[in-house]
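Down below is the structure, laid out as structure tokens.
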There are 2 protein chains.
Amino acid sequence: MERTAGVALWRQIAERLRTDIRNGTWKEGGKLPTEQVLSARFGVNRHTIRRAISELSAQGLLSSRQGRGTFVENAPSPLTYPIGPRTRFSEIISRQSREPGGRLIGSGREAAQPWLVEKLRLSLGQEAVHRLEVLHVADGIAVSLSTNWFPAHRFPDLVSRYAETGSITKALAAHGVADYIRKKTEISARLAEPEESRWLQLAEGAPVLVTDLVNVDEAGTPVQVSRTRFAADRIQLTVEN
Amino acid sequence: MERTAGVALWRQIAERLRTDIRNGTWKEGGKLPTEQVLSARFGVNRHTIRRAISELSAQGLLSSRQGRGTFVENAPSPLTYPIGPRTRFSEIISRQSREPGGRLIGSGREAAQPWLVEKLRLSLGQEAVHRLEVLHVADGIAVSLSTNWFPAHRFPDLVSRYAETGSITKALAAHGVADYIRKKTEISARLAEPEESRWLQLAEGAPVLVTDLVNVDEAGTPVQVSRTRFAADRIQLTVEN
DNA sequence: CAGAATTTGTGCGTATGTATG
DNA sequence: TCATACATACGCACAAATTCT
């Protein structure tokens with residue numbers, strides 16, 4: 001393993017093992033190579049391997065027993081999140097037979113930043129937006145954190161409607177938006193920020209997938225801008241062509 | 001800034017500043033807040049801020065001058081990589097008026113892993129594949145590293161054809177594949193592995209966007225499986241709906 | 001069943017990296 | 001720049017649980 005640059009060796013190794021487990025290198029219940037072998041393979045001290053394993057054990061992915069070895073405890077199949085014109089969180093999760101849930105964790109009314117004015121095509125003097133922060137959960141596990149912005153003048157009661165119904169689709173419908181479609185999605189990745197780590201229960205420094213999207217109504221007018229951060233180790237995005 | 005294991009504070013802050021610069025929080029030529037202010041904002045010692053700034057300076061993103069301040073030297077607009085049924089690397093890059101380049105960095109013939117057998121729909125006894133490792137470059141900057149697999153029995157001379165033409169499209173055409181389209185794309189993110197860091201000239205522990213795709217010919221038969229790792233700080237994927 | 005071999009668990013000393021003031 | 005504290009990583013040794021012969 002290559003020497004440093006601000007990321008501890010044990011963390012790099014832990015992330016490697018995590019993706020190996022996810023890719024099925026060792027099946028659930030399967031046995032990992034011995035600490036001996038792993039330390040030789042990564043070219044590090046056994047203590048370092050043990051630190052990495054202990055991290056994954058604490059997260060319930062692995063378990064070690066003295067004299068026996070280290071075993072894969074849980075290899076949760078990653079959720080798949082299709083990106084298309086009509087993706088709705090709850091439908092997707094339900095289709096994969098998991099219990100969906102959204103939790104309103106913050107909201108507010110604020111002045112739109114320039115990039116938001118452009119994306120929502122706000123006109124002069126109507127630059128106020130509602131901001132809605134929602135944590136998405138599947139089977140009790142946090143999978144994504146989304147920040148949503150809506151033009152405040154068009155959707156004055158959006159926050160309370162969402163609070164009542166727990167659904168953005170329904171909150172928009174209450175304001176006369178019968179249908180909306182996803183126009184464009186931008187996808188990037190970066191390291192999680194501390195607040196994101198907290199909500200998504202990620203290790204600090206874990207990667208997040210970020211999607212930026214614009215939803216438009218039937219007339220093509222933007223009704224919602226949304227920035228969603230997915231826990232990259234729990235979800236995979238797919239695009240069908 | 002929150003105290004946490006495995007990732008140095010200065011790295012977390014460097015990554016934050018990098019995404020802020022990319023998001024245009026400070027324009028090119030713009031002045032960053034003083035180290036004083038930044039250290040207060042992140043709740044860390046000024047030394048730590050300086051370490052983060054020095055990292056970004058070494059990468060040519062920032063520059064500091066005594067008595068004046070720290071300035072944004074380079075805010076390269078991120079390349080946008082659209083994902084659709086007919087995306088070809090060179091077309092995309094050219095359209096954004098950058099000089100594209102692909103470099104063959106490795107190849108080989110090997111037995112297909114089970115998941116490859118499934119994705120390429122290989123029949124029994126024809127499980128050999130060609131592997132092609134290509135580094136993609138735009139304007140002299142590495143943007144992605146892709147591993148490509150092809151059924152060896154159908155495309156016996158693929159590697160040499162690619163070496164001659166520098167184009168997968170042409171190498172496939174030489175084997176009678178007039179056209180192909182992208183069937184499905186899976187997108188995930190993880191930390192770069194050491195070898196990826198080396199090729200993409202990434203800092204260790206930097207995130208990569210990973211896309212897995214299957215290309216099929218006009219008859220719908222898989223001709224290529226490809227896994228591409230993008231430097232997440234240099235590229236953004238987009239999906240048009 | 002005894003004893004050897006294997007594998008994880010633990011302790012200590014040292015050197016270097018990270019973060020503060 | 002210096003001093004201090006803690007985290008990271010290494011190397012060695014040995015203990016404890018389990019498996020193999």
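Note on naming: letters A, B, ... go to the chains in the order of the sequence lines (proteins, then strands), and numbering restarts at 1 for each one.
A/Glu186 and A/Lys119 are joined by a salt bridge, as a carboxylate oxygen and a charged side-chain nitrogen come within less than 4.0 angstrom of each other. Between A/Arg50 and A/Glu35, at least one side-chain N (NZ, or NE/NH1/NH2) sits under 4.0 Å from a carboxylate O, which counts as a salt bridge.
The shortest distance between side-chain heavy atoms of B/Ile105 and B/Leu145 falls below 4.5 Å. You'll find the side chain of A/Leu209 stays beyond 4.5 Å of the side chain of A/Arg190, heavy atoms only.
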Would A/Ile187 and B/Ile187 satisfy side chain to side chain contact (heavy atoms under 4.5 Å, CB included), going step by step from the backbone distance to the final call?
CA-CA 9 Å; A/Ile187 304 166; B/Ile187 304 166; 3.5 Å; yes

Would you sort out whether B/Asn148 and B/Val225 count as a side chain to side chain contact (heavy atoms under 4.5 Å, CB included), showing the intermediate values?
CA-CA 6 Å; B/Asn148 305 274; B/Val225 164; over 6 Å; no

Would you check, one step at a time, whether the test side chain to side chain contact (heavy atoms under 4.5 Å, CB included) holds for A/Glu133 with A/Ser146?
CA-CA 6 Å; A/Glu133 308 264 358; A/Ser146 73; over 6 Å; no

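Neither OP1 nor OP2 of D/dA9 sits under 4.0 Å from any side-chain N or O of A/Asn45.
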Check: protein-nucleotides 18-21 of chain D nitrogen or oxygen pairs below 3.5 Å:
residue : atom : partner : partner atom : Å
D/dT19  : OP1  : A/Arg68 : NH1          : 2.8

Polar pairs (N or O, both sides) under 3.5 Å between protein and nucleotides 14-16 of chain C?
none

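A/Thr147 and A/Arg229 are linked by a side-chain donor-acceptor pair at a separation below 3.5 angstrom, with hydrogens and angles left out of the test. For the 3.5 Å distance criterion, the side chains of B/Ser188 and A/Gln236 fail to qualify, holding no donor opposite an acceptor.
Formation of a donor-acceptor pair under 3.5 Å by the B/Ser197 side chain with backbone atoms of B/Glu193 is found in this model.
Residues of residues 46-54 of chain B that place a heavy atom closer than 4.0 Å to DNA chain D, in numerical order, are B/His47.
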